[in-house]
Amino acid sequence: MVAGLGINNITQDFRLCIDPQNPVGERYDKRGKDFYFFNKHVIRGNRLPAIKHMLSIINKIPGPKTTFLLGNALELMGTPSENFKVASREFCNNSCGLSRTWIGLKPHLLIYKSSVAETVLNSQKFIEKSTDYFALHSWLGTGLLTSTGAKWHKRRKMLTPAFHFKILEDFVDIFNRQSQKLVKNLEAKCGGKPFNIFSYLTLCTLDIILESAMGRSINAQDNSNSDYVRAIYDMCSHVVEKQTRPWLQIGLIYKLLGYEKKEKECLKILHGFSYETIKERRKELKLLKNTKKTDDRFEKKRLAFLDMLLEYAEEHEALSDEDIREEVDTFMFEGHDTTAAALNWTLYLFGQYPEIQDKAYEEIESIFGKSDRDVTSSDIREMKYLECCIKEALRLFPSVPMFGRELKEDTEIGDYVVPAGTNVWILTYTLHRDPDVFSDPDAFIPERFFPENSVSRNPYAYVPFSAGPRNCIGQKFALMEEKVVLSTFLRKYKVKSLEKIKDLKLVGELILRPERETILKIFPRNEKRINPN
Ligand code: HEM
């Protein structure tokens, strides 16, 4: 347990260096900060009483054994799928629903029971993201996902109207067009060998977020070797390594092991893409304004996410290009990879449960008959069973398998007092499989989400989009998008998945993915369809 020494001082000092005007500024950007503060305040300082107090509190919380200075970091040195298993299963075996772990000098509290999660999620007080999100800062800056305090409040207020239901309805055309392109591109894979459908879905959701939120079209679906997508995968993997291997938080080691160079290469692609998107859209908006074009297309697009930011920047001069870029990066990442994973898992589960796939298809057939027509907003509202399938897939395989907060004050959580400075992680993946809430928790049973079966469930037992003030701003967008893509897919294809749920190896590098990519086969439905579009 000596691994925990000094953490209270460390976190107190973090707080001292927060600029009140920029509450998520400097402090996250310095790699190696733990070791620096450890040296300065624990070895050279005289803060033993405070350390003792903190340890006496945190030591009462059950958790796995730790190693001197490294905490539990060594247990997370396996392959990505082994690490995910350790974090989501082996560390989470206390009936009280919480476990204390240490990554280097930082204490972490893992939460996996709804009654315990509620204390954190249901509060306006705990909106500060975990300090582990520092690993995302070089990429996403302090955009909506990673910011906090006044900056987060202001941005959330500014961006919420961009996700109003009425605006989302305007995007249904884009969802349709890109879904149709997806099913067309999948023709080549029909009836053939198992293949990596995730990459097709990712390009589709990337095209969708770009066109709907950024007003840009790059036809990623026709250019499958996307550097952008590769860079996102590599960056996610770096972020998780940096979070779980404390020595990589020391700048020099990070550099000497070649991580810094790889990260810079990824960032060049990711930031370059976002700046280009901003430049293009700004040019287009200017052109549209100058020519006083107020056609339908422009009117609709004016309210899109990026336009809103650009307009705000012009009117208030309060947003720099970098401010806009960090939001573009945030929404590009959060807005496509999460949805692609959700689509992938729903299809995988359909492939494992053919009778559920048939039931979902029957509902779709009852809406569309033999027609190949576009999906409308009212069709989306009718896809009730499909919605339960999507929700149940997000229960078993939540796209974001864990998310973190930092406690700013000593807090009673469950039966324990958790000291300020602790990083609290809600493990959605484990929480969603709590047998006290979900009977037969590993089985895919969409009926769990029928209204009559969900009414008495604790709302914090199922949080794929998080909950409370920092919940997902894009959840309605994602649900609509998923329904259009899946209903378009199911009208044309059947899916079969080859790996059993119990044999799956999962990788939880920010997004939950299967380790083996080629686990699905698709077949044509061979039904004549009429296309009135
Ligand atoms: C199935 C799809 C999705 C899932 C499962 C999902 C899940 C989540 C979760 C769990 C969080 C909280 C993360 C944390 O606290 O670290 C979150 C936040 C967020 N999501 Fe999503 N998301 C999805 C789709 C989307 C889409 C489509 C967008 C944008 C169009 C989006 C934008 C965001 C943003 C900006 C945040 C940060 C919100 C804030 O802190 O105020 N997400 N999402």
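Computed from a predicted structure; not experimentally measured. Just so you know, ligand 1 is whichever comes first in the structure, and atom 1 is the first atom listed for that ligand.
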Using side chain to side chain donor-acceptor pair (under 3.5 Å) as the criterion, list what pairs up with Arg325, not counting sequence neighbours.
His271, Asp329
Taking 4.0 angstrom as the limit and counting only heavy atoms of Phe477, give me the atoms of ligand 1 inside it, by number and element.
27 (C)
Show the atoms of ligand 1 that are less than 4.0 angstrom away from any heavy atom in Leu144.
35 (C), 39 (C), 40 (O), 41 (O)
When the aromatic ring centroids of Phe331 and Phe163 are compared, is their separation below 6.0 Å?
yes
With Lys279, which residues qualify under side chain to side chain donor-acceptor pair (under 3.5 Å), at least two apart?
none
Tell me which protein heavy atom sits closest to atom 35 (C) of ligand 1, plus the residue, atom name and distance to 0.1 Å.
Phe331 CZ, 3.4 Å
Run the side chain to side chain contact (heavy atoms under 4.5 Å, CB included) check on Phe403 and Tyr133 step by step: do they pass?
CA-CA 9 Å; Phe403 51 87; Tyr133 284 59; 3.5 Å; yes
NZ/NE/NH1/NH2 to OD/OE distance under 4.0 Å, Glu327 and Lys154:
no
Heavy-atom closest pair (Tyr348 atom, Ile501 atom, distance to 0.1 Å) is OH-N, 3.1 Å
Distance under 4.0 Å to a non-hydrogen atom of Trp152: what atoms of ligand 1 satisfy this?
39 (C), 40 (O), 41 (O)
What is the closest protein heavy atom to atom 10 (C) of ligand 1, and at what distance does it sit?
Pro464 O, 3.3 Å
State whether Asp207 and Arg177 are salt-bridged, where the test is any N-O pair (Lys NZ or Arg NE/NH1/NH2 against Asp/Glu carboxylate O) under 4.0 Å.
no
May I ask you to check whether Arg470 has an N/O atom sitting below 3.5 Å from an N/O atom of ligand 1?
yes
Applying salt bridge (charged side-chain N to carboxylate O under 4.0 Å, His left out), name anything that partners Glu392, two or more places apart in sequence or on another chain.
Arg395, Arg448
Would you mind listing which atoms of ligand 1 come within a distance below 4.0 Å of any non-hydrogen atom of Ile209?
30 (C)
Total protein N/O/S atoms sitting under 2.8 Å from atom 21 (Fe) of ligand 1, waters ignored, is 1
With a cut-off of 4.0 Å, which atoms of ligand 1 are near a heavy atom of Ala342?
1 (C)
Lys391 with Glu387: basic N within carboxylate O range, under 4.0 Å:
yes
For ligand 1 and Thr330, I'd like to know whether there is a polar contact (N/O to N/O, distance under 3.5 Å).
no
Taking a cutoff of less than 4.0 Å between a non-hydrogen atom of the residue and any ligand atom, is Thr428 in contact with ligand 1?
no
Does Ser399, backbone or side chain, put an N or O under 3.5 Å from an N or O of ligand 1?
no
I need the atoms of ligand 1 closer than 4.0 Å to a non-hydrogen atom of Asn471, numbered in the order shown.
38 (C)
Evaluate Tyr275 against Val328 for side chain to side chain contact (heavy atoms under 4.5 Å, CB included), listing each step before the verdict.
CA-CA 9 Å; Tyr275 278 126; Val328 169; over 6 Å; no
Nearest to atom 38 (C) of ligand 1, what protein heavy atom do you find, and at what distance?
Arg156 NH1, 3.5 Å
Determine whether the side chains of Arg89 and Tyr429 contain a donor N or O and an acceptor N or O closer than 3.5 Å.
yes
Tyr133 heavy atoms within 4.0 Å reach ligand 1 at atoms 14 (C), 15 (O), 16 (O)
How far apart are the closest heavy atoms of Glu412 and Thr119, and which atoms are they?
O-CG2, 3.6 Å
Under 3.5 Å between some N or O of ligand 1 and some N or O of Lys129?
yes
Would you call Lys483 and Asp379 a salt bridge, taking side-chain N to carboxylate O under 4.0 Å as the test?
no
